Amino acid sequence: MTRMFREGRTETVRSCTSESTAFVQAMVERSHAKADLRDLFQKATKKHQNMYRLAMTGAGIDRHLFCLYLVSKYLGVSSPFLAEVLSEPWRLSTSQIPHSQIRMFDPEQHPNHLGAGGGFGPVADDGYGVSYMIAGENTIFFHVSSKFSSSETNAQRFGNHIRQALLDLADLFQVPKTDS
């Protein structure tokens, strides 16, 4: 996406939308029909795709807010809005790990040659750093970190929640086997 801009560009996609929240809440309640859950999932993914398309084309909000912040500092203008928005704690920091290593070989034929890559630490004392890599059709790596000094966080527990969420999603889209 950075090739669209002369000097490159980064942007952040905010994945916590009303649509994704509605889907997650419905999954947690465990009282909805699978068809309804799949419909909520489709709405959430459609919204997310639109959000990342906006980010890819320079129409995201994070870098614009950052630029407004820089200009306000340069001009010496105080902005209560920017002060509030930019002071929000970053308790969850996520990023995808580049998966260029899998171009060297076929991960389906050589799954033992895949590496999880690296990770990064949390940006808040009571937060998590989560990196992930999608390595082919059947493998996803996660690196979850937190600080031992925080009684609020536990990287193992968080990783277990990610695993269970992925299993729940797999179950949601599992096609029932038919007897022939």
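Computed from a prediction, not measured in an experiment: that's the story for all the values here.
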Looking at CZ of R91 and OG1 of T153, how far apart are the two atoms once the value is rounded to the nearest 0.5 Å? 11.0 Å
Shortest non-hydrogen separation from Y128 to E152 and the atoms involved: OH-O, 4.1 Å
Please find the pair of heavy atoms, one from C16 and one from T21, that lie closest to each other, and give the distance. SG-OG1, 3.8 Å
In Å, rounded to the nearest 0.5 Å, how long is the span from CZ of R53 to NE2 of H48? 10.5 Å
Report the C-alpha separation of D39 and H32 in whole Å, then their side-chain angles, then the decisive distance to 0.1 Å, and conclude whether the side-chain contact (heavy atoms from CB on, under 4.5 Å) test is met. CA-CA 11 Å; D39 183 56; H32 294 69; over 6 Å; no
Would V28 end up clustered with L37 when hydrophobic side chains under 4.5 Å apart are linked, directly or stepwise? yes
Distance, nearest 0.5 Å, that separates CG of D125 from OG of S146: 11.0 Å
Any S93 side-chain heavy atom under 4.5 Å of P122 side chain: no
Do F158 and V123 sit in one hydrophobic cluster, given that two such residues count as connected whenever their side-chain heavy atoms are within less than 4.5 Å of each other, even indirectly? no
Find the distance between CZ (R163) and CG (D168) and round it off to the nearest 0.5 Å. 10.5 Å
Would you indicate whether the side-chain heavy atoms of D171 and K34 approach each other to under 4.5 Å? yes
So, does R38 use its side chain to make a donor-acceptor pair with the main chain of F173 at under 3.5 Å? no
Do you know which two heavy atoms are closest between V130 and F120, and how far apart they sit? O-CZ, 3.5 Å
Side chains of N160 and Q164: is there a donor and an acceptor less than 3.5 Å apart? no
Any side-chain heavy-atom pair of T17 and F23 under 4.5 Å: no
Under 4.5 Å between side-chain heavy atoms, hopping through other hydrophobics if needed: is there a path connecting Y69 to W90? no
In short, A22 meets L40 closest at the heavy-atom pair O-CD1, 4.2 Å
Working to the nearest 0.5 angstrom, can you tell me the gap between Q25 CD and S20 OG? 9.5 Å
State, to 0.1 Å, how close F142 and L166 come at their nearest heavy-atom pair, and which atoms those are. CE1-CD1, 3.6 Å
Residues, nucleotides or ligands: over 12 heavy atoms within 6.0 Å of F66 CZ: no
Taking all non-hydrogen atoms of both residues, which atom of F81 and which atom of L65 are closest, and how far apart? CE2-CD2, 3.8 Å
For a 4.5 angstrom cut-off between non-hydrogen side-chain atoms, does H161 reach N154? no
S149 OG to K147 NZ distance, which is reported to the nearest 0.5 Å: 6.0 Å
Identified side-chain contact (heavy atoms from CB on, under 4.5 Å) counterpart of L68 within the set L82, V77, L86: L82
